[in-house]
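By convention in this document, chain letters (A, B, ...) are assigned in the order of the sequence lines, proteins followed by strands, and residues within each chain are numbered from 1.
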Amino acid sequence: MNRNYILLMIVIVVLAGGLLFLPQKANYIQQDPEKLMWDIAQPTRYITTDEVAKMIIEKDPLYQLVDVRADYDYDMFSLPGAYNIPLDSLLTEQSDIILDVEDINTILYSDDDLKADQAWVITRRMGYKNIYVMKGGLNCWIRTIIQPKEPKETAPITEFELYKFRQGASIYFTGTEISLDAGEKKTLNVTRRKKETVAEGGC
Amino acid sequence: MGPLIPLGQIASGWDFVIALLIGIAFGFILEASGFSSSRNITGVFYGYNFVVLRVFLTAVVVAMIGLLYFNYMGWIDLNLIYVVPTYINSMVIGSVLMGLGFILGGFCPGTSYTGIAIGKIDAMVFTGGLFLGIFLFSELFPALESFYYGDSLGSATIEDVFGISNEKFSFIFVIIAIIVFYVTWLIEKRVRKTVNPYKFE
């Protein structure tokens, strides 16, 4: 047998044997710190409570909600259809089943942004994509969706439209009727301008 | 870092260009290894020429160890590599049919094209048969479909099914490959005394 072949065989056995003795590396999938910092600084991960409300009402199949508070908080009050993954069990296999679904956007929320943001950083470092945070958390949810405040009279029309949507959403989520004071009709006095008649010249 | 295409390092618009380049390289290596000669290929079944077995085992061993080192260095993520799903029934029947075609025609699909490239008439006839086979299979597919997809294991790997780590398995596989190299060399030496050996220029 050719000596070169024997040499090659020895090389390949040494390489294959080397694999057995390589020290174990725990986890290679690491987010680049610089990129992570950049992502943390971006507000793009935030979704407003209005968007979340709309998504729940429309039963948008592309989104799922995850409550990262402790389970007793979750049992007391949470959003409809939300999963519960407490912050300390984010690294378990069960949470992986919920979070690791392709093409589904996950929205994290807690009482405020704090825990949800922490959870967001952890999931980001774990390599999950399409993770968002509900801006303001459940406190903001109560403030804006459940008990919306009427905007000032001088506010732009978009704020009134938002207010109307929030009132509707509040009815949807709480089941209680809110008095709508948009019922009063005001009579407008329409004064029509008289048409000015211009002397028509013949030609 | 890798795999380059799934991670978007290379845009998927380059797929066909890359496929073409890999195809050319594959064809070149098949031809350079003497695979465009059907005598070389069928030699495996008669025991006078095991070059096919040795070339493919070498390719498997090199790719296997290379990928494991690349994975270790973090240059490629093995979890993102596409693993062809395993269908036990159709794979067993398919390999038997493939082997029969191999020994009857003297080519496998890839090598028949390298045969055509250097102008072999038997390779052209073989490729005609290949297309006929593809046509018949496609026409009969609705009837065969349930069998074809039957007994699926999904994208199973040795690690998943037998619980041996990739590193251990590759070491065992290298040892097996070397034993195979040696044994086939012995068989070739014995058989070639009686059978007129094929020499490729």
- Is the shortest heavy-atom distance from the side chain of A/Ile12 to the side chain of B/Ile178 under 4.5 Å? yes
- Query: What residue in A/Leu22, A/Val13, A/Leu8 has the most heavy-atom pairs under 4.5 Å with chain B?
  - Reply: A/Leu22
- Query: Within a strict 4.5 Å, meaning less than it, do heavy atoms of the A/Leu19 and B/Tyr72 side chains meet?
  - Reply: no
Tell me which donor-acceptor pairs under 3.5 Å the side chains of residues 126-134 of chain A have, and how far apart each pair is, sequence neighbours excluded?
residue	atom	partner	partner atom	Å
A/Tyr128	OH	A/Asp96	OD1	2.4

- Query: Listed by chain and number, what are the ring-ring contact (aromatic ring centres under 6.0 Å, His included) partners of B/Phe147, not counting sequence neighbours?
  - Reply: none
- Message: Less than 4.5 Å to any heavy atom of chain A: does that hold for the side chain of B/Tyr69, its backbone, both, or neither?
- Response: both
- Message: If I take atom CZ from residue B/Arg54 and atom OH from residue A/Tyr5, how far apart are they, to the nearest 0.5 angstrom?
- Response: 7.0 Å
- Item | Neighbour count >12 (heavy atoms, 6.0 Å) for atom CG, B/Leu100 | yes
- Which distance, rounded to the nearest 0.5 Å, do you find between the CG of A/Leu15 and the CZ of B/Phe171? 11.5 Å
- First locate atom CD1 of A/Ile6, then atom OH of B/Tyr182, and finally report the distance between them rounded to the nearest 0.5 Å. 9.5 Å
- Query: So with a 6.0 Å cut-off around CD of B/Glu145, is the heavy-atom count from everything else above 12?
  - Reply: yes
- Among the listed options B/Val174, B/Val61, B/Thr58, the residue most often paired with chain A at heavy-atom distances under 4.5 Å: B/Val174
- Message: Does B/Met124 have more than 12 heavy atoms from other residues, nucleotides or ligands lying within 6.0 Å of its CE?
- Response: yes
- Residue B/Phe26 excluded, over 12 heavy atoms near CZ under 6.0 Å: no
- Query: Taking C-beta and beyond as the side chain, do A/Leu20 and B/Lys168 meet within less than 4.5 Å on heavy atoms?
  - Reply: yes
- Query: Is the number of heavy atoms from other residues, nucleotides or ligands under 6.0 Å of B/Phe28 CZ greater than 12?
  - Reply: no
